Amino acid sequence: DQQVKQNSPSLSVQEGRISILNCDYTNSMFDYFLWYKKYPAEGPTFLISISSIKDKNEDGRFTVFLNKSAKHLSLHIVPSQPGDSAVYFCAASANNQGGKLIFGQGTELSVKP
Amino acid sequence: EPEVTQTPSHQVTQMGQEVILRCVPISNHLYFYWYRQILGQKVEFLVSFYNNEISEKSEIFDDQFSVERPDGSNFTLKIRSTKLEDSAMYFCAGGKGQGTYEQYFGPGTRLTVT
């Protein structure tokens with residue numbers, strides 16, 4: 001079951017540059033998308049979300065873009081900082097509040113000083 | 001800022017034994033979930049719980065699994081007879097609902113079945 005896919009297992013970026021993490025989905029019923037950050041031995045931490053009625057949502061250094069026609073979303077981190085180094089998961093939910101989240105496999109981001 | 005807490009942080013058990021994983025969700029959350037992550041794999045949904053009953057469960061959540069919210073604050077996951085393949089990180093999560101979809105996760109319990 002690969003409804004949510006993150007095709008890049010890892011990404012390395014220089015401090016101060018932009019990090020772009022990508023996510024694709026197949027289920028047209030998904031109407032809400034979330035990004036989580038996870039450190040080893042910790043639970044996922046909610047970062048930012050976007051509803052399917054929008055194409056962009058911004059929160060400080062983090063911006064999520066949604067392209068519904070391509071079933072693609074991306075997370076931009078600008079400027080990247082060493083503390084951003086973690087595994088980033090994209091997750092999706094289908095048109096009911098309280099519904100389960102379907103996660104991608106995650107992308108490990110490494111921000112080098 | 002309120003947090004989801006989980007105990008124990010690490011549980012080692014022998015195959016066939018029962019385990020209970022405990023969670024204290026954030027007090028104003030109405031929806032509760034268990035997820036698990038087998039080492040190297042994605043986070044997988046197990047079960048959701050709302051209004052004191054299961055609202056959805058995955059194929060993984062078979063008769064060996066059960067959930068309870070016995071006292072309005074704790075939320076537990078019981079595995080009746082553990083198998084080697086139950087070894088994973090188990091995460092409790094909660095959400096407010098009310099038009100929001102965000103779920104907030106606890107730190108997890110690492111379950112090791114030997």
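By convention in this document, chain letters (A, B, ...) are assigned in the order of the sequence lines, proteins followed by strands, and residues within each chain are numbered from 1. Remember, it's a predicted structure, so these values are computed and weren't measured experimentally.
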[X], [atom1]: over 12 other non-hydrogen atoms inside 6.0 angstrom:
{"X": "Glu85(B)", "atom1": "CD", "answer": "yes"}
{"X": "Arg110(B)", "atom1": "CZ", "answer": "no"}
{"X": "Lys78(B)", "atom1": "NZ", "answer": "no"}
{"X": "Arg61(A)", "atom1": "CZ", "answer": "yes"}
{"X": "Asp63(B)", "atom1": "CG", "answer": "no"}
{"X": "Leu39(B)", "atom1": "CG", "answer": "no"}
{"X": "Glu18(B)", "atom1": "CD", "answer": "yes"}

Could you give the distance from [atom1] ([X]) to [atom2] ([Y]), rounded to the nearest 0.5 Å?
{"X": "Tyr101(B)", "Y": "Phe46(A)", "atom1": "OH", "atom2": "CZ", "answer": "13.0 Å"}
{"X": "Tyr31(B)", "Y": "Lys100(A)", "atom1": "OH", "atom2": "NZ", "answer": "15.5 Å"}
{"X": "Leu101(A)", "Y": "Phe45(B)", "atom1": "CG", "atom2": "CZ", "answer": "9.0 Å"}
{"X": "Ile48(A)", "Y": "Glu102(B)", "atom1": "CD1", "atom2": "CD", "answer": "10.0 Å"}

Residue Tyr35(B) versus chain A: region with a heavy atom under 4.5 Å: side chain
Which portion of Tyr50(B) sits near chain A, non-hydrogen atoms under 4.5 angstrom: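 Neither the backbone nor the side chain of Tyr50(B) comes within 4.5 Å of chain A.
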Gln103(B) side chain vs Gly99(A) backbone, donor-acceptor pair below 3.5 Å: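 The answer is yes, because a donor-acceptor pair under 3.5 Å joins these two groups.
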Under 3.5 Å donor-acceptor, Lys42(B) side chain and Phe103(A) backbone: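 Side chain of Lys42(B) to backbone of Phe103(A): a pair is present.
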Given that the side chain runs from C-beta out, which part of [X] has a heavy atom under 4.5 Å from chain B: side chain, backbone, both or neither?
{"X": "Ala91(A)", "value": "neither"}
{"X": "Tyr36(A)", "value": "side chain"}
{"X": "Gln105(A)", "value": "both"}

Stepwise side-chain contact (heavy atoms from CB on, under 4.5 Å) check, Gln37(B) with Phe89(A): CA-CA 12 Å; Gln37(B) 186 181 28; Phe89(A) 290 96; 3.7 Å; yes
